[in-house]
There are 2 protein chains.
Amino acid sequence: MIRVLLAEDQGMMRGALALLLGMEPDIEVVAQVGRGDEIVDAALLSRPDVALLDIELPGRSGLDAAADLRDETPDCRVLILTTFGRPGYLRRAMEAGAVGFLVKDGPVEELAEAVRKALRGETVIDPALAAAALSAGPNPLTARERDALAASVDGATIADIAAGLHLSESTVRNYLSSAIGKTGTRNRMEAVRAARRQGWL
Amino acid sequence: MIRVLLAEDQGMMRGALALLLGMEPDIEVVAQVGRGDEIVDAALLSRPDVALLDIELPGRSGLDAAADLRDETPDCRVLILTTFGRPGYLRRAMEAGAVGFLVKDGPVEELAEAVRKALRGETVIDPALAAAALSAGPNPLTARERDALAASVDGATIADIAAGLHLSESTVRNYLSSAIGKTGTRNRMEAVRAARRQGWL
DNA sequence: CCGGACCCGGGACATTTGTCACGGCCGGGT
DNA sequence: ACCCGGCCGTGACAAATGTCCCGGGTCCGG
């Protein structure tokens with residue numbers, strides 16, 4: 001029996017996947033969590049063979065949790081299951097020690113098979129996505145440029161960002177201007193969207 | 001046997017829900033579509049008793065499709081199944097003739113039961129959500145203010161919006177200023193997010 | 001018929017945003 | 001030792017944005 005941990009915030013999706021995987025004769029779902037900051041605790045308790053993690057989770061990113069699992073439970077293979085096939089996500093997933101990267105499109109049949117492959121030590125990645133990740137190159141933004149961009153979502157003004165980051169307004173504007181240049185966009189919001197599409201945020 | 005049509009863009013979610021509903025002894029999934037503009041055709045072909053529609057679909061909104069179904073297949077009950085419990089969505093769903101409104105949080109067990117209730121003519125709505133929809137009141141934005149807001153996502157400049165709507169830049173700025181005022185926000189992006197949260201967009 | 005709401009546009013103005021040039025400070029690599 | 005890059009800040013400037021006026025038009029309900 002392959003012991004599986006499932007981390008996914010949408011209740012219906014989580015329940016459906018758990019039922020599905022549980023129907024496979026060789027797979028058993030030993031833990032389900034809806035928050036990113038519950039993953040490590042649950043894994044230590046239930047000792048899964050494979051962890052199936054969403055990326056966008058409340059509390060803690062699935063990517064960060066993957067890195068935690070590599071340290072805390074090294075014999076647990078991590079599979080990332082996410083809505084968005086962003087190149088930067090794939091890159092970060094690999095750096096965090098994940099053995100596979102699935103997008104929520106594509107057929108359900110993929111899922112159980114991916115779990116089995118993961119246990120056998122094979123890596124499971126969509127080839128087209130891998131190519132995109134390679135061709136996109138690494139994240140060109142510096143840490144502070146990322147911070148500034150991330151803080152400028154939902155219409156925060158320069159003053160808000162500066163306050164949140166404990167910086168001068170001038171500095172924030174310089175970072176944003178630089179990020180806009182690097183993303184080849186025309187303003188903050190376009191830069192945010194471009195960076196998000198690449199998985200840089 | 002209850003004949004169900006399933007409209008959902010995420011392949012894995014769609015497949016999982018279909019399998020799940022198919023396991024119920026009294027339910028049969030007779031059609032699955034991944035795009036909003038395929039709903040009506042599929043419904044005319046497969047004559048479902050209940051249509052389970054996501055809102056955010058490529059091609060055509062699930063809410064618009066619900067209105068279509070009311071005309072084309074009046075004996076088919078419509079259930080809306082969506083990620084976001086936005087008050088405005090619920091209101092529009094009811095106006096489009098839906099008999100129920102489910103959010104993708106909450107347990108999977110809800111789902112089959114909701115389908116059965118829908119067939120019996122009962123309406124299925126989360127009471128807390130219904131209260132929120134009532135207390136929020138109707139959409140205060142005019143049609144053009146909505147257009148301007150909707151066109152200003154992903155960092156479009158005023159000139160872009162004006163060109164896309166065949167309007168003068170002054171007009172666009174007036175609409176946006178008005179929308180900002182009505183949403184009680186400080187700039188475009190905050191207004192967009194506020195309007196989206198309410199389901200006004 | 002009149003008021004009110006929506007649609008569309010113009011002009012003027014203050015504020016915000018984005019750009020550029022310029023400093024200084026640190027740490028790592030050659 | 002030196003340079004380079006990231007970090008933090010300033011000042012000045014052009015462009016974009018948001019606000020407040022104003023005008024005109026239509027349509028609908030009282």
Side-chain angles (χ1 to χ4, degrees), chain A residues 88 91-92 95 136-201, chain B residues 88 91-92 95 136-201:
Chain A
R91 178 180 296 265
R92 282 199 274 160
E95 289 169 1
N139 187 342
L141 301 175
T142 71
R144 296 310 252 165
E145 287 163 358
R146 261 201 316 277
D147 293 341
L149 263 194
S152 73
V153 294
D154 30 75
T157 163
I158 299 261
D160 296 339
I161 307 171
L165 264 53
H166 305 290
L167 286 178
S168 149
E169 300 194 13
S170 310
T171 308
V172 172
R173 302 208 295 191
N174 286 336
Y175 284 149
L176 287 179
S177 181
S178 164
I180 291 169
K182 286 180 180 176
T183 51
T185 50
R186 296 176 301 170
N187 54 46
R188 264 202 297 228
M189 289 320 298
E190 278 196 1
V192 168
R193 295 195 68 87
R196 265 226 273 246
R197 190 156 36 79
Q198 296 290 330
W200 291 341
L201 188 142
Chain B
R91 178 180 295 265
R92 283 199 272 160
E95 288 168 2
N139 187 342
L141 301 175
T142 73
R144 297 309 254 167
E145 287 162 359
R146 259 200 318 275
D147 294 341
L149 264 193
S152 74
V153 294
D154 33 72
T157 163
I158 299 260
D160 296 340
I161 306 171
L165 265 51
H166 306 291
L167 285 179
S168 148
E169 300 195 12
S170 308
T171 308
V172 171
R173 299 209 290 179
N174 285 336
Y175 283 150
L176 287 178
S177 181
S178 165
I180 291 169
K182 285 181 181 176
T183 51
T185 50
R186 297 175 301 169
N187 54 45
R188 264 202 297 224
M189 289 320 297
E190 277 195 1
V192 167
R193 296 197 66 88
R196 267 226 271 248
R197 190 156 35 80
Q198 296 289 330
W200 291 342
L201 190 143

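Every value quoted in this text rests on a predicted model; they were computed, and no experiment measured them. Quick note on labels: first sequence line is chain A, next is B, and so on, each numbered from 1.
By the side chain to side chain donor-acceptor pair (under 3.5 Å) test, B:Thr185 is found to be paired with B:Thr183, residues two or more places apart in sequence or in another chain being considered. By the salt bridge (Lys or Arg N to Asp or Glu O under 4.0 Å) test, A:Arg91 is found to be paired with no residue, residues two or more places apart in sequence or in another chain being considered. Remark: A:Arg144 engages A:Asp147 in a side chain to side chain donor-acceptor pair (under 3.5 Å) (not counting sequence neighbours). Scanning for salt bridge (Lys or Arg N to Asp or Glu O under 4.0 Å) contacts around B:Arg196 gives an empty result, with sequence neighbours left out. Looking at residues two or more places apart in sequence or on another chain, you find no side chain to side chain donor-acceptor pair (under 3.5 Å) involving A:Asn139. Checked against side chain to side chain donor-acceptor pair (under 3.5 Å), B:Asn174 has no partners two or more places apart in sequence or in another chain. Scored by the side chain to side chain contact (heavy atoms under 4.5 Å, CB included) test, B:Ala163 finds no partners at all (sequence neighbours excluded).
A heavy atom closer than 4.0 Å to some atom of DNA chain C occurs in no member of residues 193-201 of chain B.
Remark: A:Asn187 CG to A:Leu176 CG distance equals 10.5 Å, nearest 0.5 Å. For the atom pair OG of A:Ser152 and CE of B:Met189, the computed distance is 9.5 Å after rounding to the nearest 0.5 Å.
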Scan nucleotides 8-19 of chain D nucleotide by nucleotide, 5' to 3', and note B when protein non-hydrogen atoms come under 4.0 Å of the base, S if they reach only the sugar-phosphate, - if neither. SBB-B----BBB
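When DNA chain C is scanned 5' to 3' for any atom under 4.0 Å from a heavy atom of chain B, the first and last hits are C:dC6 to C:dA12.
Overall bending of the helix from C:dC1-D:dG30 to C:dT30-D:dA1, expressed as the angle between end axes built from five pairs apiece, is 30° (10° steps).
Every pair passing salt bridge (Lys or Arg N to Asp or Glu O under 4.0 Å) that includes a residue from residues 178-194 of chain B is listed here, sequence neighbours excluded: A:Asp154-B:Arg193, A:Asp160-B:Arg186, B:Glu145-B:Lys182, B:Arg186-B:Glu190.
In terms of modelled atom types and a separation under 3.5 Å, the side chain of A:Arg92 and the main chain of A:Gly199 share a donor-acceptor contact.
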Would B:Tyr175 and B:Leu167 count as a side-chain contact (heavy atoms from CB on, under 4.5 Å) here? Give the steps. CA-CA 11 Å; B:Tyr175 283 150; B:Leu167 285 179; 4.0 Å; yes
